[in-house]
Number of protein chains: 4
Amino acid sequence: MRLRVLADSTIPIYEQIVSQVVFAIAAGDVSSGELVPSVRDLSQQLLVNPNTVARAFQELERAGILESRRGLGMAVTAEAPKLCAGRRKEIVRGHVRDALRAAAAAGLSAPDVHELVDDEWPRLAPRNGRAESSR
Amino acid sequence: MRLRVLADSTIPIYEQIVSQVVFAIAAGDVSSGELVPSVRDLSQQLLVNPNTVARAFQELERAGILESRRGLGMAVTAEAPKLCAGRRKEIVRGHVRDALRAAAAAGLSAPDVHELVDDEWPRLAPRNGRAESSR
Amino acid sequence: MRLRVLADSTIPIYEQIVSQVVFAIAAGDVSSGELVPSVRDLSQQLLVNPNTVARAFQELERAGILESRRGLGMAVTAEAPKLCAGRRKEIVRGHVRDALRAAAAAGLSAPDVHELVDDEWPRLAPRNGRAESSR
Amino acid sequence: MRLRVLADSTIPIYEQIVSQVVFAIAAGDVSSGELVPSVRDLSQQLLVNPNTVARAFQELERAGILESRRGLGMAVTAEAPKLCAGRRKEIVRGHVRDALRAAAAAGLSAPDVHELVDDEWPRLAPRNGRAESSR
DNA sequence: GTGGTCTAGACCACG
DNA sequence: GTGGTCTAGACCACG
């Protein structure tokens with residue numbers, strides 16, 4: 001499981017970690033029962049304070065996605081894949097909703113938004129497989 | 001100029017005010033030279049701390065969209081319509097970019113995002129002119 | 001709202017704060033819409049680090065019991081009284097269940113447990129109103 | 001001596017092991033001079049880290065309940081039955097005291113607690129001899 | 001080794 | 001003024 005955080009994002013680091021763990025599990029990168037990297041390892045890998053990672057893990061535990069195996073670390077729960085699939089959808093949906101609210105308030109139409117999406121998508125990451133896709 | 005503020009939104013209130021003033025000017029609801037409501041009036045109308053309105057106005061002044069008329073209040077500048085048209089675009093584009101970033105991190109494709117947009121758009125506000133639109 | 005924490009308890013301080021806020025709301029000491037003491041005030045009153053109080057508030061917020069009023073502080077939600085009544089019951093029930101599990105594993109009977117309760121109850125606090133009560 | 005450990009309990013595993021050995025001896029399931037299962041055997045039987053079992057045995061040794069027989073393993077001491085009878089009582093009493101503290105903090109009365117006990121006792125384990133008992 | 005709690009204190013956004 | 005995030009680092013229980 002390879003994570004990345006952007007220190008200068010407006011999104012808190014611990015929340016970025018939460019999302020990325022959710023995405024990794026939803027994508028099947030980590031399976032139920034597997035241990036995620038330890039707080040210490042992950043904090044070194046991400047160049048982030050251990051407390052920040054611990055906070056992300058705590059949230060994931062309360063969400064039923066991780067469970068602590070005493071003395072071993074944090075493991076992916078049996079329900080995690082299902083929970084993460086749903087959560088992934090909701091995270092993205094929330095951001096889309098925000099964008100649409102702004103677009104509507106600005107007086108744009110649905111086609112306007114679609115145009116913006118097609119305009120911005122290719123500019124995102126270096127290579128996003130299906131970025132230039134269809135439509 | 002009629003503004004609305006969502007107290008429970010994750011978007012800061014002052015930023016909501018800024019955006020709505022920008023949108024109102026870009027839409028031609030308020031014209032160059034017209035006065036906007038006073039900090040006091042607007043804060044009462046929106047049930048919001050006067051400091052919050054003041055901060056929004058300050059930001060609009062720094063952006064060259066509003067200018068203070070001594071003894072009268074804040075007025076829409078001559079350049080405001082042009083500035084607001086551009087800014088409106090950037091505000092929306094910024095939110096769209098956020099949504100795309102989340103979508104990409106979640107492993108979605110461009111078509112997935114378009115689907116989400118079509119899914120969410122009709123659910124927005126009660127009345128959104130072209131909400132049931134085309135495509 | 002007057003809270004007390006026991007620094008030497010095995011129960012984490014932040015959890016003690018959570019429970020006591022829940023109990024105070026369930027008891028009607030604080031009502032929906034009221035602000036609870038600020039993180040800073042409470043941390044001074046309890047002689048505890050502000051972070052510890054903040055963590056308790058965070059939990060209460062995620063539980064839907066408190067909500068942050070931006071710039072003002074944390075307020076008791078409309079649903080809090082109902083939530084707290086239920087939660088209070090579950091907190092106590094959990095402790096009772098623990099005790100019964102131990103009692104059963106030790107081979108005690110229900111009457112044995114009742115006897116223990118009557119034996120221990122009066123020894124609790126200095127004065128507990130109905131402590132010497134009935135039965 | 002048949003022990004059971006609940007991996008998801010909030011009570012540390014080593015403490016569960018200590019309690020169950022104490023209860024078994026107090027109940028006369030194992031007698032003075034008898035050997036208890038080896039750390040290795042017990043850890044395999046309970047699916048638990050050997051260190052955890054070792055720690056439990058260490059504690060039981062310090063309490064004078066077990067003593068090591070060089071080359072043979074750990075044996076129940078002569079004083080164990082008496083010690084365990086007392087300790088069993090204190091273990092249960094401690095849990096009861098915890099429950100009462102929570103109940104008192106929640107504003108419950110002694111009758112309330114008795115009611116909770118009668119409510120929860122039958123729900124405990126499948127077979128608890130006198131669970132449906134009297135009162 | 002693992003995570004959990006807590007302190008101390010900085011810095012920030014918001015109002 | 002308010003809460004939110006983050007760092008740094010100590011200490012502890014558990015395994």
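A, B, ... follow the sequence lines: proteins, then strands. Residue 1 opens every chain.
Looking at which nucleotide of DNA chain F each of A:Ile11 and D:Tyr14 is closest to, the 5′-most match is held by A:Ile11. Two residues, A:Pro37 and C:Thr52, neighbour DNA chain E, and the one matched to the more 5' nucleotide by heavy-atom proximity is A:Pro37.
In this structure, B:Arg55 forms a cation-pi arrangement with B:Tyr14, its terminal cationic atom sitting closer than 6.0 Å to the ring centre and no more than 45° off the ring axis.
OP1 and OP2 of E:dG3 both lie 4.0 Å or more from every side-chain N or O belonging to A:Ser68.
B:Val22 and B:Arg88 get closest at one heavy-atom pair: CG1-N, 3.9 Å. In this structure, C:Ile17 and C:Ala56 approach most closely via the heavy-atom pair CG2-CB, 3.6 Å. Heavy-atom minimum distance, D:Gly64 versus D:Thr77: O-OG1, 2.7 Å. Considering all non-hydrogen atoms of both residues, B:Arg69 and B:Leu35 come closest at CG-CD2, 4.3 Å.
Atoms CD (C:Glu59) and P (F:dG4) sit 13 Å apart, rounded to a whole Å. One can place CG of C:Leu72 at 9 Å from P of F:dG3, the figure rounded to the nearest angstrom. Straight-line distance from the CD atom of A:Gln44 to the P atom of E:dG1: 11 Å, rounded to whole Å. Across the protein-nucleic acid pair, C:Glu15 atom CD and E:dT5 atom P stand 8 Å apart, rounded to whole Å. The distance from atom CG of D:Leu42 to atom P of F:dG15 is 14 Å, rounded to the nearest whole Å. Atom C1' of nucleotide E:dC14 and atom CD of B:Gln16 are separated by 12 Å, given to the nearest angstrom. Rounded to whole Å, atom P of E:dC11 lies 16 Å from atom CD1 of A:Ile13. To the nearest angstrom, C1' of F:dA8 lies 15 Å from CG of A:Leu47.
If you check distances only, the side chain of C:Asn51 does reach the base of E:dG9 with a donor-acceptor pair under 3.5 Å. Residue-to-nucleotide contacts include no donor-acceptor pair under 3.5 Å from the side chain of A:Arg40 to the base of E:dG1.
For C:Pro12, counting side-chain heavy atoms from C-beta on, the closest listed nucleotide (F:dT5, E:dT5, F:dG15) is E:dT5.
Residue contacts for D:Asn49: at a heavy-atom cut-off of 4.0 Å it reaches the sugar-phosphate backbone alone, with no base atom in range. At a threshold of 4.0 angstrom between heavy atoms, the contacts of D:Arg55 include nucleobase atoms, whether or not backbone atoms are also involved. Within the 4.0 angstrom heavy-atom criterion, only backbone atoms of the sugar-phosphate kind lie near A:Glu61; the bases stay farther away.
As the counterpart of E:dT7, F:dA8 is assigned, both hydrogen-bonding distances of the Watson-Crick or G-U wobble pattern falling under 3.5 Å.
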